[in-house]
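First the structure, in the form of structure tokens, and then the observations on it.
We count residues from 1, following the sequence as given. All values reported here derive from a predicted model rather than from experimental measurement.
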Amino acid sequence: MEAEVRQFFHEAHTDRLARGAGCHQARLGVDAETGNNDTMDDNAILDQIHELVAEEKRLRHQAGGLTGADRSRLDALERQLDQAWDLLRQRRAREDAGEDPDVARERPPDEVEGYLQ
């Protein structure tokens, strides 16, 4: 089910770009090194999602099983993916409603983890 949801959002995003829909900026957390807010557009959020999914797949399919550190990293990846998808959905909903998508903000993991995909 999760793969279908991701594919749906990816296809919808690709369609929007093909129609000339803009890629708006959004804040996605705070940079750990600089302490500054990072600004990201829809493409950058999708790029981040794809990177996180690739790492998740690599960990799940590695030979020899998962170490404790691997399981911790998978948990962190799942939380980050939940947050990134939530931010992307917020932005798209705001844009579809004629509101400013740049107002969308990343929500805390405990807030988005319980949402049904």
Side-chain angles (χ1 to χ4, degrees):
M1 175 75 166
E2 186 175 326
E4 290 93 6
V5 171
R6 288 182 179 157
Q7 184 64 30
F8 170 79
F9 279 108
H10 176 72
E11 289 172 0
H13 177 73
T14 303
D15 181 56
R16 289 165 59 125
L17 289 177
R19 289 179 293 144
C23 290
H24 300 283
Q25 298 282 315
R27 298 221 183 265
L28 189 62
V30 175
D31 185 289
E33 294 178 12
T34 65
N36 296 329
N37 285 323
D38 292 334
T39 347
M40 299 182 83
D41 63 18
D42 290 355
N43 282 333
I45 295 169
L46 277 171
D47 287 345
Q48 180 187 29
I49 288 169
H50 291 293
E51 289 173 16
L52 293 169
V53 167
E55 184 178 355
E56 179 184 39
K57 285 181 181 178
R58 182 188 59 75
L59 282 172
R60 290 190 188 280
H61 296 7
Q62 70 185 15
L66 297 174
T67 66
D70 292 338
R71 281 190 278 290
S72 294
R73 180 60 185 148
L74 271 176
D75 289 342
L77 286 169
E78 289 170 358
R79 286 189 302 275
Q80 289 174 309
L81 280 165
D82 287 344
Q83 287 178 289
W85 280 115
D86 176 66
L87 178 59
L88 193 59
R89 283 189 292 269
Q90 285 182 63
R91 291 177 52 72
R92 290 178 175 174
R94 287 184 174 282
E95 185 175 22
D96 289 346
E99 298 176 10
D100 183 4
D102 295 339
V103 175
R105 295 291 178 256
E106 184 178 72
R107 294 187 253 212
D110 60 337
E111 187 174 332
V112 297
E113 279 181 338
Y115 295 161
L116 294 176
Q117 299 293 322

I need the L46 CG to W85 CH2 distance, nearest 0.5 Å. 6.0 Å
Could you give the distance from CD (Q90) to CD (E106), rounded to the nearest 0.5 Å? 9.5 Å
Taking the side chain as everything from C-beta on, heavy atoms only, tell me whether P101 gets closer than 4.5 Å to R92. no
How close do D100 and D102 get, heavy atom to heavy atom, and via which atoms? OD1-N, 2.9 Å
Would you give the length of the straight line joining atom NE2 of H50 to atom CD1 of I45, rounded to the nearest 0.5 angstrom? 11.5 Å
Check this for me: does any side-chain nitrogen of one of R91 and D42 sit under 4.0 Å from a carboxylate oxygen of the other? yes
Separation between CG (L88) and CD (Q48), nearest 0.5 Å, reads 10.5 Å
Under 3.5 Å, side chain of R107 to main-chain N/O of L87, donor-acceptor pair present? no
Electrostatic pair R73-E55, nearest N-O below 4.0 angstrom: yes
dist D47:CG -> L52:CG (nearest 0.5 Å) comes out at 11.0 Å
Can you check whether L77 reaches L59 side chain to side chain, under 4.5 Å on heavy atoms? yes
Among residues at least two apart in sequence or on other chains, which ones pass side chain to side chain donor-acceptor pair (under 3.5 Å) with Q62? D70
Please report the interatomic distance CG(D96) to CZ(R94), rounded to the nearest 0.5 Å. 12.0 Å
May I ask you to say whether R60 pairs ionically with E78, meaning some side-chain N is under 4.0 Å from a carboxylate O? yes
